[in-house]
Amino acid sequence: MDYYLKCIECGADFDKTEIIYTCRKCDGLLDVIYDYDEIKKNMDMEKLKTAPPSVWKYKDLLPIAIEPVSIREGGTPLYKCDRLAKKIGVKELYVKHEGMNPTGSFKDRGMTVGVSKAIELGMKTVACASTGNTSAALAIYGAKAGIPSVVLLPAGKVALGKIGQALMHGAKVIMIKGNFDDALALVRELCEQEPIYLLNSVNPYRLEGQKTIAFEIVDQLGFKVPDRVVLPVGNAGNITAINKGFKEFVTLGITDKRPKMTGIQTEGACPIVKAYKADADDITPEKNPETIATAIRIGDPVNARKALIAIKESGGMAESVTDAELVQAQKDLAQLEGIGVEPASATSVAGLKKLVDAGLISKDETVVCVTTGHLLKDPEEVISVCTEPVTVEANLEALRKAVFE
Ligand code: F0G
């Protein structure tokens, strides 16, 4: 399949054989550009309509020629959530639960493509900075591919489950005395100097994997497009990727409209929201981001320019929520719908509620909230926000008292 990389700022082109993360002329972000006429000609439409969703179901739209490094990612459930819809006050609400991916987050979609690309390019080591989930996914796909992985994490600010995954799957785990933004700047420098393949979402191939969330949503809604997709925003890759997926289905004539992309951050880490509200086309980095949602504790999102374009051109918006609002949404998802998510993921539902309450989202819309990571990623947060279990003597009287009082 033919494709190349194109700078979103100056339009410079780069060949697919190059190992490059940003534009060599202006340092702008890169996009993967395909020959859509060729794809259209070769695409098996019957299979598209009938095969079960998974990342590699859409391989005609993915830039990998080798047998991919895969542990069966994607194909996550899209739940219709009537009780939650009623509480929030929207007509039709779905939750796309990306926590059901093999490593418990949507990052698997990007890493199956990203690590496959590393192998295809002949790279022998992969690396990333991470708030946790990216590192877990990189460790696992690196292990599956049989190549070493190096992950940089902000010391003291990564959920336990994610560190456990990175360690057990054999990554070299390095804690940085700084935040995620510091770690990302460092790993970018390292990968410029050494033959190590950078797999943060500044790498456009990662986003190609993540765009399959859009394909699956359309697929699972019976080839209908929702009015709006709401999701958490951290480094701002996923909102960009999903928007690209919806656009490609329109380009290919599979769908005829696109949803409004709506990004949610927390009040303690919301540079994208501030830029959106100021109608600016770039962010002002925040030096000390802070939130209980450690996955999106990011002050200088690398994909900000792409994300702001995606929000604007899709007619979407950006909003921030408090930690208290996201914890309430996390409990609502868990207790009304049986969907267990980590704190960052719950911002999508908290943000939707806030925007519906404010009258900024119509109650008649069909909305999909993306929940990006599983509850078990961050057990310490759960313990800190839920009532402690009671401990009783091992006899029936004490048990009765505990059950019925
Ligand atoms: N939700 C979860 C659970 C995440 O882990 C992340 C990002 C996001 C949302 C935001 O996605 O960055 O594409 O806007 N986690 C990255 C990591 C930064 O290192 O795991 P984004």
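First listed ligand is number 1; within each ligand, the first listed atom is number 1. Small disclaimer: the values here were computed from a predicted structure and weren't measured.
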Q. Ala51: what forms a side-chain contact (heavy atoms from CB on, under 4.5 Å) with it, not counting sequence neighbours?
A. Lys47, Lys57
Q) Which ligand 1 atoms, with their elements, are less than 4.0 angstrom from a heavy-atom of Ile296? A) 8 (C), 9 (C), 10 (C)
(Q) Please list, in number order, the atoms of ligand 1 under 4.0 Å from a heavy atom of Thr134. (A) 16 (C), 17 (C), 19 (O), 20 (O)
Q. Is it the side chain, the backbone, both or neither of Ala236 that has a heavy atom closer than 4.0 Å to ligand 1?
A. backbone
**Q.** Asp31/Lys306 salt bridge by N-O under 4.0 Å criterion
**A.** yes
Q: Have a look at ligand 1 and work out which part of Glu342, if any, has a heavy atom under 4.0 Å from it: side chain, backbone, both or neither.
A: side chain
Q: Could you tell me how the ring of Phe215 sits relative to the ring of Phe249: parallel (under 30°), tilted (30 to 60°) or perpendicular (over 60°)?
A: parallel
Q: Output the list of atoms in ligand 1 that are nearer than 4.0 Å to some heavy atom of Asn235, sorted by atom number.
A: 12 (O), 14 (O), 21 (P)
Q: Compute the shortest N/O to N/O distance between Val233 and ligand 1 and return yes if it is under 3.5 Å, no if not.
A: no
Q.
Could you work out, with side-chain contact (heavy atoms from CB on, under 4.5 Å) as the rule, every residue matching Asp282, not counting sequence neighbours?
A. Ala304, Arg305
Q: Number the atoms of ligand 1 from 1 as they appear, then name those within less than 4.0 Å of a heavy atom of Gly237, with their elements.
A: 13 (O), 14 (O), 21 (P)
Q: Report the part of Lys107 in contact with ligand 1, treating N, CA, C, O as backbone and CB onward as side chain, heavy atoms under 4.0 Å; options are side chain, backbone, both, neither.
A: side chain
Q | Close side-chain approach of Tyr141 to Ile71, heavy-atom, < 4.5 Å | A | yes
